[in-house]
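This report refers to the structure that appears directly beneath it.
Not measured: the values here are computed from a predicted model. One is the number of the first residue; the rest follow in order along the sequence.
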Amino acid sequence: MIQITIIGSGNVAQHLIKAFKKSEAVEIVQVFSRKKENLSAVIEFDKIIDDFADLKESDLYIIAVTDNAIAEVSAQLPFNNQLVAHTSGTASIETLDDKNRRGVFYPLQTFSKNKEIDFSVIPICVEAENTFDFRVLETAAKSISNSVFAINSEQRKALHVAAVFVNNFTNHLYQIGQEICEDHQVPFDILKPLIEETADKIKTLDPVDAQTGPAKRHDSITTDAHLAFIQNENQKNIYKILTQSIQDNGKKL
């Protein structure tokens with residue numbers, strides 16, 4: 001059984017705690033949080049610590065904090081030559097302090113505290129500096145997910161950029177769509193079957209083959225009418241940029 005300590009109390013940390021608690025191959029030794037009450041609903045209170053000096057021996061320490069805090073937190077750990085991994089999609093493995101053995105344990109998913117999630121279908125990208133540590137990370141990942149990949153830091157950064165496009169930017173477009181609907185007293189729910197079908201298409205089609213709409217058809221009458229209708233300048237600029245990107249797709253620029 002792999003003994004794991006999790007450092008952090010945000011969305012990723014809390015979902016990892018819930019997932020590892022269900023695993024028979026992993027034991028959560030401790031969880032570190034500056035504010036113990038942040039984790040009292042997800043793990044036994046006597047396993048929560050708020051002082052690095054109280055850290056016990058573990059096979060793996062997972063730092064699940066913001067990217068900006070990874071280096072500082074890893075430098076504060078009061079031990080050497082232990083396996084320490086972060087959960088960032090962008091930060092290099094070298095962001096971790098080199099006094100310890102370094103790794104990455106990156107679950108590629110969007111996490112919200114109040115939204116339950118099935119960890120078994122979440123891709124987990126792992127990286128380590130030697131084969132033994134990689135096997136530890138891989139075993140821990142496979143104990144909660146059926147989708148585990150060996151991904152290096154450069155590949156992971158590419159994945160994270162791609163994820164921002166398909167998740168964060170797409171969700172922002174949902175927000176814009178909702179605002180347009182609300183401004184004109186149209187229920188946003190009317191769009192939800194379209195959203196679901198658009199996401200479902202890429203299970204069987206490449207995105208380039210699934211693309212439809214006036215920009216794809218070079219229907220300038222419709223796109224010009226849309227631009228004349230949109231009054232919000234930010235929305236208008238986004239519409240122009242995305243229309244041009246769709247129309248430029250496949251061209252030699």
Side-chain angles (χ1 to χ4, degrees), residues 1-117 119 122 124-129 133-134 136-145 153 156 160:
M1 180 172 285
I2 298 175
Q3 295 186 316
I4 291 179
T5 291
I6 296 174
I7 298 170
S9 60
N11 291 347
V12 176
Q14 293 198 22
H15 280 281
L16 281 175
I17 292 167
K18 292 176 183 178
F20 282 132
K21 282 179 68 177
K22 297 175 183 177
S23 171
E24 296 181 356
V26 165
E27 176 192 359
I28 298 178
V29 176
Q30 291 175 309
V31 178
F32 174 91
S33 175
R34 300 284 184 194
K35 297 180 180 179
K36 289 187 176 184
E37 61 271 18
N38 289 352
L39 296 173
S40 59
V42 293
I43 195 167
E44 301 89 334
F45 198 76
D46 62 356
K47 288 192 174 184
I48 307 171
I49 61 170
D50 59 6
D51 188 336
F52 286 129
D54 295 329
L55 283 169
K56 297 178 181 177
E57 182 83 12
S58 287
D59 299 311
L60 170 62
Y61 298 83
I62 296 179
I63 297 178
V65 299
T66 62
D67 288 9
N68 291 342
I70 292 171
E72 178 185 354
V73 170
S74 67
Q76 291 182 56
L77 298 179
F79 46 68
N80 299 316
N81 199 34
Q82 300 295 317
L83 177 55
V84 177
H86 68 62
T87 59
S88 168
T90 300
S92 165
I93 193 172
E94 295 177 353
T95 305
L96 294 163
D97 194 293
D98 63 4
K99 67 182 179 182
N100 284 297
R101 298 166 5 241
R102 301 179 292 190
V104 177
F105 191 96
Y106 170 52
L108 202 168
Q109 186 54 275
T110 175
F111 295 101
S112 298
K113 285 181 181 176
N114 298 321
K115 175 70 167 61
E116 292 301 318
I117 201 160
F119 233 99
I122 295 177
I124 299 180
C125 303
V126 296
E127 179 182 6
E129 295 177 307
D133 289 342
F134 178 85
V136 173
L137 290 164
E138 182 183 48
T139 301
K142 287 183 175 179
S143 77
I144 57 175
S145 172
S153 288
R156 182 165 36 81
H160 196 248

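The backbone N or O of M1 sits nowhere less than 3.5 Å from a side-chain atom of E27 that would complete a donor-acceptor pair. Side-chain atoms of E138 do not come within 3.5 Å of backbone N or O of V126 as any donor-acceptor pair. The main-chain N or O of N81 is found under 3.5 Å from a side-chain atom of N100 such that the two form a donor-acceptor pair. Of the possible polar contacts, none joining the K18 side chain to the F119 backbone as a donor-acceptor pair under 3.5 Å is found. The closest donor-acceptor contact from the side chain of T5 to the backbone of V29 lies at 3.5 Å or more, if one exists at all. Using a distance-only test at 3.5 Å, with no hydrogens or angles considered, no donor-acceptor pair links the side chain of R156 to the main chain of S92. Panel note: side chain S143, backbone A140; a donor-acceptor pair is recorded below 3.5 Å. With hydrogens and angles ignored, the 3.5 Å screen pairs a side-chain donor or acceptor of K47 with a backbone N or O of I28. Formation of a donor-acceptor pair under 3.5 Å by the D133 side chain with backbone atoms of R102 is not found in this model.
The minimum heavy-atom distance between G8 and V31, with the atom names listed, is O-CG1, 3.8 Å. The heavy-atom pair separating N38 from Q14 by the smallest distance is O-NE2, 3.2 Å. The minimum heavy-atom distance between D50 and S33, with the atom names listed, is CB-O, 3.2 Å. Of all heavy-atom pairs spanning F32 and L39, the tightest one is O-CD1, 4.4 Å. Considering all non-hydrogen atoms of both residues, L137 and A128 come closest at CD1-CB, 3.9 Å. The two residues S145 and I122 make their nearest non-hydrogen contact at OG-O, 2.5 Å.
Within 6.0 Å of the NZ atom in K142, the count of heavy atoms belonging to other residues, nucleotides or ligands does not exceed 12. With a 6.0 Å radius and a threshold of 12 heavy atoms from other residues, nucleotides or ligands, K22 has its NZ atom at or below the threshold. Summarising the local packing, CD of E24 is surrounded by 12 or fewer heavy atoms from other residues, nucleotides or ligands at distances under 6.0 Å. Annotation: E94, atom CD; neighbour count of heavy atoms from other residues, nucleotides and ligands within 6.0 Å does not exceed 12.
Between D67 and T90 there is a side-chain heavy-atom pair separated by less than 4.5 Å. With a 4.5 Å cut-off on side-chain heavy atoms, I62 and F20 count as touching. The side-chain heavy atoms of L77 and I63, taken from C-beta on, include a pair separated by under 4.5 Å.
Within the model, atoms CG of D46 and CD of Q30 stand 10.0 Å from one another, a figure rounded to the nearest 0.5 Å. Distance check: Y61 OH to L96 CG gives 14.0 Å after rounding to the nearest 0.5 Å. We find the OG1-CD1 distance between T110 and I117 to be 7.5 Å, quoted to the nearest 0.5 Å. How far CD1 of I6 is from NE2 of H15: 12.0 Å, rounded to the nearest 0.5 Å. Interatomic distance, CG of D59 versus CD of Q82, reported as 8.5 Å (0.5 Å rounding). Atoms CG and CG, on D98 and N80 in that order, are 10.0 Å from each other to the nearest 0.5 Å.
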(request) Show the numbers, then the answer: is there a side chain to side chain contact (heavy atoms under 4.5 Å, CB included) between T95 and S88? (result) CA-CA 10 Å; T95 305; S88 168; over 6 Å; no
(message) Walk me through whether I144 and V26 qualify under side chain to side chain contact (heavy atoms under 4.5 Å, CB included).
(response) CA-CA 9 Å; I144 57 175; V26 165; 5.9 Å; no
(request) Give the C-alpha distance, both sets of side-chain angles, the deciding distance and a yes or no for side chain to side chain contact (heavy atoms under 4.5 Å, CB included) between L60 and Q3. (result) CA-CA 7 Å; L60 170 62; Q3 295 186 316; over 6 Å; no
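Ring orientation note: the planes of Y106 and H160 are nearly perpendicular, at an angle over 60° on the 30°/60° scale.
For E127 and S153, the side-chain atoms include at least one donor-acceptor pair closer than 3.5 Å.
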